[in-house]
2 protein chains.
Amino acid sequence: MILSKTCIYGILATLHLATKKDKEYLPISQIAKELDISFHFLTKILQKLTQQEIMSSYRGPNGGIALARPKEEIKLMDIVVAIDGSEIFEQCLLKLPGCGKLKPCPLHDEWGLIRKQIQEMLNQTSVASVAEKIVKNSLRLADVNPLEL
Amino acid sequence: MILSKTCIYGILATLHLATKKDKEYLPISQIAKELDISFHFLTKILQKLTQQEIMSSYRGPNGGIALARPKEEIKLMDIVVAIDGSEIFEQCLLKLPGCGKLKPCPLHDEWGLIRKQIQEMLNQTSVASVAEKIVKNSLRLADVNPLEL
DNA sequence: CAGTTTTAAGACTCTTTTGTCTTAAATTAG
DNA sequence: CTAATTTAAGACAAAAGAGTCTTAAAACTG
């Protein structure tokens, strides 16, 4: 719901990177292992984030993937839009085409309020702040497998 | 996002019924036509709502489907839970298994607030109140096709 | 240069969701 | 009882999302 699996994996990988040293390339294979995500699948997802210049990649030995910008500047919203697009924030709960002030759907106001909050939350939350919380409270980014933070 | 297509159709059909006279059976074929939803698909969806006793059905001439309870008593949440289940309200944004106060995911608090509001909105909004708004403001439940309200 | 490591790209498969179709059962009308 | 109308049930098909695999290209190591 709300976010696609692809998008969630993208967020998890970004957060994982953000808990590591800056500017160091981390091989996708390692991220995949630590987050328990299929390597090839994650590769495809991270390619998209690289194309959108949220991450930068480098091939060959000691290569891998890294955040393209300072983690303080990357907001959760950036990742969501890069992967799932912005349709979520343009549609109502009932997805009636062209719902807006002109031709509102019956739940336009109710959902508009909530949608706005989701938007604000994603826009305000930086990857850095979440990463900090993860480190501070030893939070997990995968199921059981405790990450070696 | 958030709600499945099936669930949205279920809500639309319920709202449509609620704008009509109480206790009258409306053929599914007619609802399908007015909402521009495939008849057979809608039939399947309404069967689920009938099984959950949100609607009641009657076969044969002059048969069809009707709300099983007073529309004031049916909340949007009832339909959502009947069709999509309650997992939405038990998961976090990142869908890490077993996210909760014990093993929170990194976005547990942020998402928890929003999830609570979605829950409250769906729990508080009755089918009757939305139907009233639809009638009062001549709102639509389908794309272009203006409903004959 | 040859071999290794790593991402890039895209074809392919599997699963879930969405949608269609056919047949059966209930109800009513004549 | 017969024919018509309507929901019930379930098989089937199409589309989208998730995941796998293979080959190519880039970069480094010796």
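Treat the numbers as computed from the prediction; the structure is a model and nothing was measured. Residue numbering restarts at 1 for every chain, and letters A, B, ... go by the order of the sequence lines.
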Expressed in angstrom and rounded to an integer, what is the separation of [X] atom [atom1] from [N] atom [atom2]?
| X | N | atom1 | atom2 | answer |
| --- | --- | --- | --- | --- |
| A/K33 | C/dT6 | NZ | P | 11 Å |
| B/K5 | C/dG19 | NZ | C1' | 10 Å |
| A/L46 | C/dT6 | CG | C1' | 13 Å |
| A/R59 | C/dT7 | CZ | P | 10 Å |
| B/Y58 | C/dA25 | OH | P | 18 Å |

How many angstroms lie between [atom1] in [X] and [atom2] in [Y], if you round to the nearest 0.5 Å?
| X | Y | atom1 | atom2 | result |
| --- | --- | --- | --- | --- |
| B/M55 | B/L46 | CE | CG | 5.5 Å |
| B/D109 | A/K133 | CG | NZ | 5.0 Å |
| A/E120 | A/T125 | CD | OG1 | 10.5 Å |
| A/I45 | A/S4 | CD1 | OG | 8.0 Å |

Exercise. Does NZ belonging to B/K75 count more than 12 external heavy atoms closer than 6.0 Å?
Worked result: yes

Problem set entry | Exceeds 12 heavy-atom contacts within 6.0 angstrom, atom NZ of B/K95 | yes

Problem set entry | Contact summary for B/L141 and A/P106, nearest pair of heavy atoms | CD2-CG, 3.7 Å

For this session: Kindly give the heavy-atom pair with the smallest separation between B/I74 and B/I54, and that separation in Å.
Result: CD1-O, 4.0 Å

Seminar exercise, completed: Contact check, residues 37-45 of chain B vs DNA chain D, heavy-atom distance under 4.0 Å, returns B/F39, B/K44

For this session: Determine whether B/Y25 and B/V127 fall in the same hydrophobic cluster, where Ile, Leu, Val, Met, Phe, Trp and Tyr are linked whenever their side-chain heavy atoms lie under 4.5 Å apart.
Result: no

Exercise. So where does chain B start and stop touching DNA chain D, 5' to 3', when the test is distance under 4.0 Å to a non-hydrogen atom?
Worked result: D/dT5 to D/dA11

Exercise. Between A/G60 and A/S4, which has a closest nucleotide on DNA chain D that is more 5'?
Worked result: A/S4

For this session: Identify, between A/T50 and A/P61, the residue whose nearest nucleotide on DNA chain C lies closer to the 5' end.
Result: A/P61

Over all strands shown, is [X] touching base, sugar-phosphate only, or nothing at heavy-atom distances under 4.0 angstrom?
| X | answer |
| --- | --- |
| B/I28 | sugar-phosphate |
| B/Y25 | nothing |
| B/Q51 | sugar-phosphate |

Exercise. Just to confirm, is there a sub-4.0 Å distance from OP1 or OP2 of C/dG19 to any side-chain nitrogen or oxygen of B/Y9?
Worked result: yes

